[in-house]
Structure formats: structure tokens, C-alpha cells
Amino acid sequence: MTFYIARETSKLWRRICMETKVEISLLAEKWKLLLAGLFFQYLHGLAARGVHYFHRPGPTLQDVGFFLFPWTFHPFIFQSKRFHTVLLWCRVLAFLVASQLLRIITFYSTQLPGPNYHCREGSKLARLPRPDSVVEVLLINFPRGVLYGCGDLIFSSHMIFTLVFVRTYQKYGTQRSIKQLAWLIAVIQSLLIIASRKHYTVDIIVAWYTVNLVVFFVDNKLPELPDRTNASSSPLLPLSSKDKESKTREENHKLMNGNSGDAIDWRQRIQVNGKILEDGNAVRADSEMNGK
């Protein structure tokens with residue numbers, strides 16, 4: 001038992017080392033894309049912070065979602081992987097950047113009065129005082145500046161993150177129950193955002209069709225992720241000595257019996273009068289020929 005545990009532990013450690021080596025090599029190749037995507041997350045937060053300076057509180061707009069979902073959550077009760085991690089995160093960040101870029105353009109085009117309680121007339125948080133320095137703007141006052149932002153409405157950033165991750169798992173995940181649960185959570189979150197007055201209903205509706213369209217088009221433009229479970233693709237992980245021997249043995253069988261790798265082709269074949277017969281039929285064919 002002790003020998004078995006030691007052997008399995010050794011195999012697990014080798015697997016971890018190989019996975020880490022491959023991920024690091026991919027990170028060395030893709031680090032610029034990852035860094036650009038992460039830096040854009042900061043730019044997105046900076047843009048949301050900046051639009052707060054332009055926000056002017058006003059009467060809350062008429063919204064059908066507010067009629068359907070009363071403000072009962074104020075302030076929300078109380079205030080084995082198939083794909084390589086680096087490549088998957090490059091894809092996720094590409095979806096996020098494209099969606100957030102459209103969001104920045106949208107909420108800077110027209111500033112709407114925020115429906116949240118801290119964005120209404122009379123609240124000290126509804127308008128930001130003129131910044132004393134550029135540094136004050138660049139620091140974006142995290143996390144308070146993110147939690148109490150106003151003006152960055154159309155469309156919902158919460159739904160961007162939710163839908164991007166749900167869509168990604170829908171394509172690359174394996175558990176059907178988790179996929180169904182994820183979509184259910186996305187729908188529930190949409191309703192809770194409206195009920196908490198964090199966004200107008202239009203912000204949620206626009207997010208649903210915009211993010212899904214962005215993911216669809218960007219995903220078609222990007223190269224497909226190599227599936228590590230696909231035997232036809234070249235493995236990124238190095239083969240063990242046992243795997244190499246098995247692969248060599250299989251190639252030898254194919255060379256001896258033709259290109260086909262089926263088990264029936266591995267049996268010895270004999271050619272009789274221009275016809276290829278297998279072992280079982282060779283003797284019978286030979287006896288028939290002698291009888292004649």
C-alpha cells in the first residue's frame with residue numbers, strides 16, 4: 001500500500017511539473033496579450049470613474065423593470081482540464097476587452113441619471129468634486145470608487161463578466177448540469193440587479209444581446225483552442241517512455257500491415273493468386289487449390 005501511494009504521488013508530481021512547464025512556456029509566448037487584457041481592465045475602471053465626474057443627478061427614469069421588481073433588496077439585505085489555462089484566459093480577456101470597449105463608448109455618449117440610492121439628488125456621492133490632481137483620477141479610489149460609481153449605465157458591467165464566463169464554459173466546459181446552472185444564475189442575477197436599482201432594465205437587456213454577439217463574432221475570428229483530448233493533434237506535453245514504446249509499437253504494426261490501424265489489419269495476410277487472404281482463410285484456400 002505504501003509503495004502504491006509513493007508511486008502515485010510520484011506520477012502526480014511529474015504531471016504537475018509537466019503541466020507547469022507547458023503553461024510557463026505558453027505564458028512566455030502570450031504574456032503581452034495577457035498583460036494588455038489586464039491593463040484594459042484598469043482602463044475600463046478608469047473610464048467608469050471618469051464618467052462619474054460628468055454625472056448629474058436627476059429624477060429616476062421610468063422603467064418597467066422597476067415596476068415588476070420592487071425595491072425589496074435595498075441595500076441587498078445587508079450593505080482536468082481540456083485546454084491550457086494561458087490560452088483560455090487569452091480568449092476570455094479578448095471577449096472582455098471587446099465588450100468593455102463598446103460599453104465605454106456607449107456610456108460616454110450619453111450620461112443618464114443613475115437609479116441607485118447614492119446617485120440620486122441630495123446624495124453627497126451623486127457628484128464627484130473636481131479632482132485636485134491627475135493622480136486622484138488615475139487611482140480610481142478602488143474599491144470605493146467602483147462600488148459607488150454613477151453614470152456608467154448602458155450597459156451592465158456585471159452582466160459582461162457573467163455572460164463572458166458563462167459563454168466560455170458553455171463551449172469549453174464538460175458538465176451539462178453546471179452549464180444549465182450557470183445560465184440560471186445569469187438570469188437570476190439580471191433580475192437582482194434591476195431589483196437593487198443598480199441598473200435600468202435597458203442596461204441588462206442591451207448587455208444580453210451585445211455580449212452574446214461580441215463573443216460570437218470575436219470567437220469566430222480567433223484561432224480555435226487545441227483540444228488536448230484529441231489524439232489526432234500533436235501533444236504539447238512530452239510523452240513518457242511507456243507512451244513512446246506504445247506509439248512505436250503501433251507504428252510498426254501499421255508499417256507491417258498497411259496504413260490502416262484497425263485490429264483486423266494487424267493479422268498476418270497471405271497473397272494467393274493475386275488475392276490477399278487472412279490467416280484463417282489461407283489454409284482453407286490452399287487445401288481447395290490442392291484438391292483441384
Side-chain angles (χ1 to χ4, degrees), residues 37-79 93 96-165 185-208 210-211:
L38 293 175
F39 181 69
F40 194 85
Q41 301 307 301
Y42 166 73
L43 293 181
H44 175 259
L46 186 64
R49 171 72 171 178
V51 79
H52 196 165
Y53 288 102
F54 297 98
H55 178 257
R56 296 295 179 267
T60 305
L61 303 180
Q62 190 172 0
D63 190 289
V64 65
F66 291 176
F67 289 107
L68 298 177
F69 302 100
W71 200 341
T72 55
F73 293 93
H74 168 63
F76 255 102
I77 305 178
F78 299 105
Q79 200 155 323
L93 287 172
L96 290 176
V97 169
S99 300
Q100 290 169 334
L101 183 60
L102 291 177
R103 180 175 187 262
I104 292 172
I105 295 174
T106 305
F107 66 61
Y108 267 103
S109 299
T110 302
Q111 289 86 47
L112 301 179
N116 214 332
Y117 68 97
H118 63 267
C119 298
R120 298 189 174 195
E121 194 75 54
S123 172
K124 296 180 180 180
L125 300 173
R127 300 179 63 177
L128 289 180
R130 187 179 182 87
D132 297 328
S133 63
V134 177
V135 177
E136 182 180 342
V137 179
L138 295 178
L139 292 179
I140 68 175
N141 192 20
F142 185 84
R144 183 179 177 83
V146 177
L147 297 175
Y148 296 98
C150 297
D152 57 326
L153 294 174
I154 300 179
F155 42 97
S156 172
S157 178
H158 295 78
M159 294 309 302
I160 288 179
F161 280 90
T162 299
L163 292 173
V164 164
F165 284 108
I185 291 175
V187 173
I188 294 175
Q189 177 179 297
S190 302
L191 302 180
L192 293 180
I193 291 175
I194 298 172
S196 66
R197 302 301 188 257
K198 182 66 177 176
H199 279 279
Y200 291 106
T201 306
V202 66
D203 305 338
I204 306 301
I205 294 176
V206 172
W208 268 91
T210 302
V211 176

Can you measure from [atom1] ([X]) to [atom2] ([Y]) and round to the nearest 0.5 angstrom?
X	Y	atom1	atom2	value
I204	I193	CD1	CD1	4.0 Å
L43	L38	CG	CG	11.5 Å
Q100	T106	CD	OG1	12.5 Å
K124	Y148	NZ	OH	14.0 Å
W208	S156	CH2	OG	11.0 Å
R197	N116	CZ	CG	10.0 Å

Check side chain to side chain contact (heavy atoms under 4.5 Å, CB included) between [X] and all other residues, then give those that pass, not counting sequence neighbours.
X	result
S109	I105
E136	Y53, P131, D132, S133
T60	F66, P115, R120, Y200
L138	Y42, L46, V134

Of the non-hydrogen atoms in [X] and [Y], which two are nearest, and what is the gap between them?
X	Y	answer
L163	A207	CD1-O, 3.6 Å
P57	P113	C-CB, 4.5 Å
I160	S99	CG2-CB, 3.8 Å
V51	G151	CG1-C, 3.8 Å

(request) Mind checking side chain to side chain donor-acceptor pair (under 3.5 Å) for H55 and listing every partner two or more places apart, or none if nothing turns up? (result)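 If we apply the side chain to side chain donor-acceptor pair (under 3.5 Å) test to H55, skipping adjacent residues, there are no hits.
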
(message) The criterion is side chain to side chain donor-acceptor pair (under 3.5 Å); which residues satisfy it with T201, sequence neighbours excluded?
(response)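 T201: side chain to side chain donor-acceptor pair (under 3.5 Å) contacts with D63.
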
(message) In the structure I gave you, are the side-chain heavy atoms of R103 and D152 within less than 4.5 Å of one another anywhere?
(response) yes

(message) Counting only heavy atoms not in H118 (residues, nucleotides, ligands), do more than 12 fall under 6.0 Å from its NE2?
(response) yes

(message) Determine whether V211 and F155 satisfy the following criterion, side chain to side chain contact (heavy atoms under 4.5 Å, CB included), listing intermediate values before the conclusion.
(response) CA-CA 10 Å; V211 176; F155 42 97; 4.2 Å; yes

(message) Whether the side chain of H199 engages the backbone of S190 through a donor-acceptor N/O pair (distance < 3.5 Å, no angle test) should be reported.
(response) no

(message) Strictly below 4.0 Å, N to O, side chains only: are K198 and D203 in salt-bridge contact?
(response)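 No, this pair does not count.
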
